[in-house]
Protein chains: 2
Amino acid sequence: MLALPSSQRSSPRRVASRRKTLALVITEHLRQEIVTGVREPGSKISEPTIAAAHDVSRAPVRESLRQLEREGLVVFDAVGRSRVVQLTNDDVEDICGIRASLESTAAGHAARRFHAAIEQTLRSNVAEMEEATTLDEVSQLDLAFHAAIMEASGRRRLITAWRAIEPQLRLWLGTLQRLREAISADVLAATLAAHRDLIDVLASGDATAARKAVEVHIASWVCESGGSP
Amino acid sequence: MLALPSSQRSSPRRVASRRKTLALVITEHLRQEIVTGVREPGSKISEPTIAAAHDVSRAPVRESLRQLEREGLVVFDAVGRSRVVQLTNDDVEDICGIRASLESTAAGHAARRFHAAIEQTLRSNVAEMEEATTLDEVSQLDLAFHAAIMEASGRRRLITAWRAIEPQLRLWLGTLQRLREAISADVLAATLAAHRDLIDVLASGDATAARKAVEVHIASWVCESGGSP
DNA sequence: CTCCAAGAAACTGTCGACAGTTTGAGCCTC
DNA sequence: GAGGCTCAAACTGTCGACAGTTTCTTGGAG
C-alpha cells in the first residue's frame with residue numbers, strides 16, 4: 001500500500017481541511033506515483049484500495065480519479081474501472097504537437113506583455129538549471145520554464161489547455177528518464193542556450209519571432225525521439 | 001426548477017442504470033441548458049438544487065459538474081461554488097485558435113487514411129445542410145461535420161482535446177445565435193462550398209493541402225467576429 | 001436612513017452503507 | 001490435464017447524513 005505521513009492516518013483528519021481538500025491531496029499523491037512510474041502504465045486502480053491507503057472514504061478518491069482522467073493520466077473503461085494510461089507513440093506525437101501549438105501561441109502573447117517580473121522568473125530558472133546535476137532536476141526546471149511562459153501569456157484558456165496535457169508530458173518524460181541514465185552535456189547546453197535566446201526574443205517584444213522560436217525549440221527538444229513501450 | 005420526463009422522477013429510478021449512469025444523464029441535461037442559454041453565463045449552480053430537480057442524490061450531480069468543468073462550461077471558485085462560465089473575448093479567441101490547430105492537424109491525418117465510409121459521412125452531412133433551414137440546424141451540422149473530420153483522423157489524443165473545447169464552441173455559437181435571427185444565404189453557401197472543397201482535398205490524400213484548407217476555412221468562419229457580452 | 005451584527009438558511013466536503021455487476025478462484029467434469 | 005461452471009470477493013454507482021463554512025436575512029444601533 002501507499003505510505004502516508006502518519007499524522008494524517010491517525011489524527012482527527014478534519015484538521016487540515018482548510019482550503020486543501022482531501023481530494024486535492026490524493027490527486028497530487030496519485031499523480032506523483034503515476035508520473036514517477038511507481039504505478040505502472042496499464043495497471044489497475046481501485047477506489048477502495050486507494051481510499052484505505054489514505055484512510056479516507058471513496059468520495060474524495062473518486063474525485064481525484066476524475067481529475068486525473070482529465071489530466072490524461074488515468075483512463076476509465078466502459079464499466080467504470082480505471083487504470084493508469086498507456087501512452088502510444090501516436091499519443092505522444094499528438095501531445096507534443098498540441099503542446100507546441102499552445103506554447104508558441106502563448107509566447108506570442110507573452111512577448112507583447114513582457115515585463116521585468118517575468119524576465120526575472122525566467123532568468124532565475126535558467127540560472128538554476130545551470131546548477132542542476134540530475135536529469136530529473138533538469139526536466140523539472142524545463143517544464144517550469146515553459147509553464148512560466150504560459151503564465152506570462154495571461155491567456156486563461158491557453159493555460160487551462162496546457163495544464164491539461166502537461167502531466168502527460170511529465171509522464172512521458174519520466175518514462176524516458178527511466179531508460180536513460182544521465183543527461184548529455186550537449187543537450188543541457190543546447191537547452192540552456194535556447195532558453196536564453198527565448199528570453200531575449202520575448203524581451204524584444206517581437207511576437208512573431210517569439211512564436212517561431214518556441215516552435216523551433218520544442219521541435220528540437222525530445223518530442224520526436226519516438227515514444228515509450 | 002428543471003423539467004424532466006416524468007417517468008424518471010416517480011419511477012424506481014434504478015431501472016435505467018444500464019450503462020447509462022445518472023451522472024451522464026444529468027451532464028447531458030445541464031450541458032444542454034448551458035449551451036442553449038437556459039442557464040445564463042455567470043449564474044450560480046447549486047448541487048442540492050439540481051439533485052432535487054432530477055430527484056437524485058448529490059453524488060451524480062457532483063460528478064456531472066466536474067465533467068462540465070472539464071468541458072469548460074462550468075467554473076468553480078475558491079470555496080467550491082460553481083457557476084456557468086462567462087466566456088471573454090480572449091477566451092473565444094483562444095478557443096478558436098486551439099480548435100483551428102487541432103482540426104488542421106487532424107485533417108492532415110484524415111487525408112492520409114481517408115476512405116469511402118468517411119467520405120460517405122461527410123457528403124451526407126453536406127446534403128443535410130443543404131436542406132437545413134434554421135440557423136440552429138446549420139450550426140449543429142457544421143459542428144458534426146468538423147467532428148467527423150476529427151474522428152476520421154483516428155488520433156485519440158487530438159479527439160480528446162477537441163472534445164474538451166467543443167462544448168465551449170457550442171456555447172459561444174449559441175450566444176451569437178440568440179443575437180442574430182436567421183442565417184445569411186451567403187454564409188451558408190460559403191460554408192457548403194468550403195465543406196465540399198474540404199472533402200475533395202481530403203479525398204486527394206494531400207495532407208498538407210488538407211491542413212491548409214481547414215485552417216483557412218476556420219479562419220474565415222465565425223471565429224473572428226469578436227465575442228460575446 | 002444607513003451600516004453592522006447575530007442568526008438562519010443554504011452549501012460543500014466527506015463519510016459509511018447498500019445494491020447490482022464484474023472479476024477471480026476453486027472445484028468438478030471430461 | 002484442459003475446460004467449463006459456481007460461488008465468493010471486489011468494485012462501482014448511488015444514497016442519505018453530518019459537520020464546518022459561507023452567504024443571506026433580519027433586527028438593532030447610530
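Residue numbering restarts at 1 for every chain, and letters A, B, ... go by the order of the sequence lines. Because the structure is predicted, anything quoted here is derived from the model rather than measured. All heavy atoms count here, side chains included; hydrogens, waters and symmetry mates do not.
- Proximity of A:Ser57 to the phosphate of C:dA17: no side-chain N or O atom is located under 4.0 Å from OP1 or OP2.
- At a threshold of 4.0 Å, the pair B:Arg157-A:Glu93 does not count as salt-bridged, since none of the basic side-chain nitrogens sits closer than that to a carboxylate oxygen.
- Using modelled atom types and a 3.5 Å distance limit, the side chains of B:Glu63 and B:Gln67 yield no donor-acceptor pair.
- Atom CD1 in B:Ile45 sits about 10 Å away from atom P in C:dT12, given to the nearest Å.
- Rounded to an integer number of Å, the gap from B:Arg83 CZ to C:dC11 C1' is 13 Å.
- Between the CZ atom of B:Arg58 and the P atom of D:dG13 there is a distance of 18 Å, given to the nearest Å.
- The side chain of A:Ser46 contributes no N or O atom lying less than 4.0 Å from OP1 or OP2 of D:dA10.
- Distance from the side chain of B:Glu47 is smallest to C:dT12 among C:dT12, D:dT14, D:dT12.
- Between the side chain of B:Arg58 and the backbone N or O of B:Pro48, no donor-acceptor pair lies under 3.5 Å.
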Output one line per pair: protein atom, nucleotide atom from nucleotides 23-25 of chain C, and distance, for all N/O pairs under 3.5 Å.
unit_1, atom_1, unit_2, atom_2, d
C:dG24, OP1, A:Lys44, NZ, 2.5

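- With hydrogens and angles ignored, the 3.5 Å screen pairs no side-chain donor or acceptor of B:Gln168 with any backbone N or O of B:Leu73.
- B:His195 and B:Asp142 are linked by a side-chain donor-acceptor pair at a separation below 3.5 angstrom, with hydrogens and angles left out of the test.
- Of the candidates C:dC11, D:dC15, C:dG13, the closest approach to any side-chain atom of B:Ala59 belongs to D:dC15.
- Counting non-hydrogen atoms under 4.0 angstrom, A:Pro48 reaches a base of the nucleic acid.
- Near DNA chain C, defined here as any heavy-atom distance below 4.0 Å, there are no residues from residues 63-73 of chain A.
- Of the candidate nucleotides C:dC11, C:dG13, D:dT14, C:dG13 has the atom lying nearest to any side-chain atom of B:Arg62.
- Put simply, NE2 on A:His54 is 13 Å from P on C:dT14, counting in whole angstrom units.
- Side-chain atoms of B:Thr121 come within 3.5 Å of backbone atoms of B:Ala117 as a donor-acceptor pair (strictly under, hydrogens ignored).
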Which side-chain N or O atoms in residues 105-114 of chain A pair as donor and acceptor under 3.5 Å with protein atoms at least two apart or in another chain?
unit_1, atom_1, unit_2, atom_2, d
A:Thr105, OG1, A:Ser101, O, 2.8
A:His109, ND1, A:Arg112, NH1, 3.4
A:Arg113, NH1, A:Ala152, O, 2.7

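- B:Arg155 contributes a side-chain N or O that, together with a main-chain N or O of A:Asp90, makes up a donor-acceptor pair within less than 3.5 Å.
- B:Phe76 does not carry B:Arg83 over the face of its six-membered ring by the limits of under 6.0 Å from the centre and within 45° of the normal.
- The nucleotide whose nearest atom lies closest to any side-chain atom of A:Leu22 is, among D:dT14, D:dC11, C:dT14, C:dT14.
- In this structure, A:Ile50 places its CD1 atom 14 Å from C1' of D:dA10, rounding to the nearest Å.
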